[in-house]
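Notes to accompany the following structure.
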Protein chains: 2
Amino acid sequence: MRADKARNREAILAAAGRLFDEADDPDRVSMDAVATAAGVGKGTIFRGFGDRDGLLRALYDQYTAREFQTLPDAVPDLLVRIWDFKRRHRVLTLALEREGFASPYRNDGYDRLHRHLVDLVTRARGPRNADFLAHALLAAVRSDLVEYLKEGSEADPREGLRELARSLLGPEPGAEAAR
Amino acid sequence: MRADKARNREAILAAAGRLFDEADDPDRVSMDAVATAAGVGKGTIFRGFGDRDGLLRALYDQYTAREFQTLPDAVPDLLVRIWDFKRRHRVLTLALEREGFASPYRNDGYDRLHRHLVDLVTRARGPRNADFLAHALLAAVRSDLVEYLKEGSEADPREGLRELARSLLGPEPGAEAAR
DNA sequence: GTTGAAGCGGACCAACGGTCCGCATACGTG
DNA sequence: CACGTATGCGGACCGTTGGTCCGCTTCAAC
C-alpha cells in the first residue's frame, strides 16, 4: 500500500465523517463535496471505495468497530446503545439504511447484532420465532424512527424500548440487584 | 376539473401501478417511463402530482383506501394484513418508505394505523409507552424487512409477527373461542 | 362559432453517481 | 543518487434522472 493512498483514504474518511455530521439530509452530501473537502479528486474516492455505498459502509464500520466492540447481554441496554449510536450518527445511518434496497440487512454489522439478539432471545424464551423477534427488535431502532421520535414525544422513546425488551424477554436476570 | 385532466390522471395512476408491479427495483421506474406508458407528457405528471413522491403517495392512497377501509381490532390479524399488503405491493411500498427521509411516518396512512394501534395497546396494557410500542409494532412490518424475509427463513415470519403481538398484548380476548 | 382559460407535451436544465486516461508520484533497484 | 516503472491521481467527461418551462392545443361556456 503506497503511502499517499493510505493518507488519502484517511483524509476522505475524515472529510466524509465531518460532512455527514454537519449535514441535515444525507442526499445533500455529494461525492463531489467529499472529494473537495478531502482535497482529493473524485476518482480517488471511487478507486478507494468502489462506490458511494462503499464509502458510507467504510465510515460506518469504523464507527461501529469503536462502538460495539463488546455487546451487552442485557437486551434493553443493547437496544438503548444502538438507539444512542444512531442518534449520534443520524445522517450517516439514515443514508445507509436507505441505500440499496434490502441493504440494511445484508451487512456484517447487522448480522452480528442479529445473531447476538437471536442468542439472547433464545436463551430467554426458547428458539421459537427467535429469528424474527430479533429482527423486530432491531426494527424498533431503525434510524428513521430514531430521527422521527428524537423530539416532541411526551415519553422518552428509550424507556419504550426498554419496556419492549422487557415484555418480550421477561425481567432481566439480576435487574433487581441493579435497582 | 376538465375531462381530459381526469382521464390523464387515471391513465397515469394505472400505468404507474402496472410499472411498479412489474419492476424489481423501485429506482428502475423512471418518471419518463411512466409518462410514456401512460401515453402522456412528463409535464402532465408533474402538474398533476407535484413530484415523484406525490405520484407514489397517490397510488399508495388508492390501494390503502381499498385495503384498510376497516381495521381489525385483533393486533396479530392487523399486522399480518399489513404484512401481506406490503408483500403484494412490494416495490411501491419499498419506494415510499425510502422516499423523503422521515417520510414513512409523516403520512396519513401511517398516522391512522398508528393511532389505531395506540388505542389497542392502551386498552391491553395501559397508556405507558403505548405510543412507542405502536411504532415498534409498525416497524416490524417495514417493507424492506418484509422483502428481506419473504423467503428462505425456516419459520413463517407471519407466525413471528403473531407471537410478537401476543407477547406485547397478552392473549387475544376470545382467542380461545376461535381455536 | 368564438374566445379565454385550462391543460398539454417534450425540449430543456442542473445535479448526481460513476468512468477514463494522460500525467504525476512513490519506491525498489543498481 | 539516478532511474524506470508500476501505482495512484484528478478533474473533464458521460448518461441518467427528477423537475421546469412555454408555445401550442383542446375544452367548454356562451
Side-chain angles (χ1 to χ4, degrees), chain A residues 1-17 19-20 22-60 91-92 94-101 103, chain B residues 1-20 22-60 91-92 94-103:
Chain A
M1 170 98 96
R2 255 169 67 166
D4 49 351
K5 186 171 185 178
R7 215 182 320 130
N8 279 331
R9 190 183 169 85
E10 288 316 305
I12 291 166
L13 283 174
L19 287 183
F20 274 106
E22 287 164 6
D24 268 356
D25 178 342
D27 292 343
R28 305 293 289 268
V29 181
S30 70
M31 299 302 272
D32 278 295
V34 174
T36 303
V40 135
K42 203 162 40 146
T44 306
I45 299 185
F46 283 94
R47 206 168 327 98
F49 296 92
D51 57 10
R52 180 178 226 269
D53 204 58
L55 172 60
L56 302 205
R57 205 147 257 160
L59 198 52
Y60 182 79
V91 178
L92 175 62
L94 228 28
L96 256 172
E97 292 185 14
R98 205 183 331 152
E99 219 64 45
F101 81 110
S103 114
Chain B
M1 170 96 97
R2 256 168 66 165
D4 48 352
K5 186 172 183 177
R7 215 181 320 128
N8 278 331
R9 190 182 170 86
E10 288 316 304
I12 291 166
L13 282 173
R18 192 156 34 82
L19 287 183
F20 274 105
E22 287 164 5
D24 267 356
D25 179 343
D27 292 343
R28 304 294 289 268
V29 181
S30 70
M31 300 300 274
D32 278 296
V34 175
T36 303
V40 136
K42 197 157 53 142
T44 306
I45 299 185
F46 283 93
R47 207 169 325 99
F49 297 93
D51 57 8
R52 185 186 166 86
D53 203 58
L55 172 61
L56 301 206
R57 203 148 256 158
L59 197 53
Y60 183 77
V91 178
L92 175 63
L94 228 29
L96 256 172
E97 292 186 14
R98 208 192 321 159
E99 219 63 43
F101 79 111
S103 114

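By convention in this document, chain letters (A, B, ...) are assigned in the order of the sequence lines, proteins followed by strands, and residues within each chain are numbered from 1. This is a predicted model, so every value here is computed, not measured.
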Of the listed dT17(D), dG19(D), dC9(D), the closest approach to the Ser30(B) side chain comes from dT17(D)
Rounded to whole Å, CG of Leu55(B) lies from P of dT17(D) at a distance of 16 Å
Sorted by chain and number, sequence neighbours left out, salt bridge (charged side-chain N to carboxylate O under 4.0 Å, His left out) with Arg57(B) holds for Asp53(B)
The nucleotide from dG8(D), dG19(D), dA12(D) with an atom nearest the side chain of Asp51(B) is dG19(D)
The residue, Thr44(A) or Arg28(A), whose nearest nucleotide of DNA chain C is more 5′ is Arg28(A)
Here the gap from Arg52(A) atom CZ to Ile45(A) atom CD1, rounded to the nearest 0.5 Å, amounts to 10.0 Å
When rounded to whole Å, the CE to C1' distance for the pair Met31(B) and dT20(D) reads 13 Å
The nucleotide from dC9(D), dG10(D), dG8(D) with an atom nearest the side chain of Val40(A) is dG10(D)
Sorted by chain and residue number, the salt bridge (charged side-chain N to carboxylate O under 4.0 Å, His left out) partners of Arg2(B) (sequence neighbours excluded) come out as Asp4(B)
Q) When we call it a touch if two heavy atoms are under 4.0 Å apart, what does Ala3(B) touch: a base, just sugar-phosphate, or nothing? A) sugar-phosphate
Heavy-atom nearest nucleotide on DNA chain D taken for Asp32(B) and for Arg7(B); more 5' hit belongs to Asp32(B)
Under 4.0 Å, heavy atoms only, any strand: does Arg2(B) hit a base, just the sugar-phosphate, or nothing? base
Arg52(A) atom CZ is separated from dT16(D) atom C1', nearest whole Å, by 16 Å
Separation of dG19(D) atom P from Phe49(B) atom CZ, nearest Å, is 14 Å
note: Ile45(A), atom CD1; dG8(D), atom P; distance rounded to Å ~ 16 Å
Contacts of Ala6(A) meeting side chain to side chain contact (heavy atoms under 4.5 Å, CB included) (sequence neighbours excluded), chain-then-number -> Met1(A)
Base, sugar-phosphate, or nothing: which does Lys5(A) touch, judged by heavy atoms less than 4.0 Å apart?
sugar-phosphate
So the salt bridge (charged side-chain N to carboxylate O under 4.0 Å, His left out) pairs with at least one residue in residues 30-48 of chain A (sequence neighbours excluded) are Asp32(A)-Lys42(A)
With sequence neighbours left out, the residues meeting side chain to side chain contact (heavy atoms under 4.5 Å, CB included) with Ala14(B) are none
message: With a 4.0 Å cutoff (strictly under), does any side-chain N or O of Asn8(A) reach OP1 or OP2 of dG8(D)?
response: no
Taken to the nearest whole Å, CG/Asp53(B) to P/dT17(D) is 18 Å
To the nearest angstrom, the CG-P distance between Asp4(B) and dA28(D) comes to 7 Å
Closest heavy-atom pair, Met31(A) versus Leu55(A), reported as atoms and distance to 0.1 Å, is CE-CD2, 4.2 Å
At a 4.0 Å cut-off to heavy atoms of chain B, the contacted part of DNA chain C spans dA6(C) to dG10(C)
* Please determine if a side-chain N or O atom of Arg47(A) lies less than 4.0 Å away from the OP1 or OP2 oxygen of dG8(D). => no
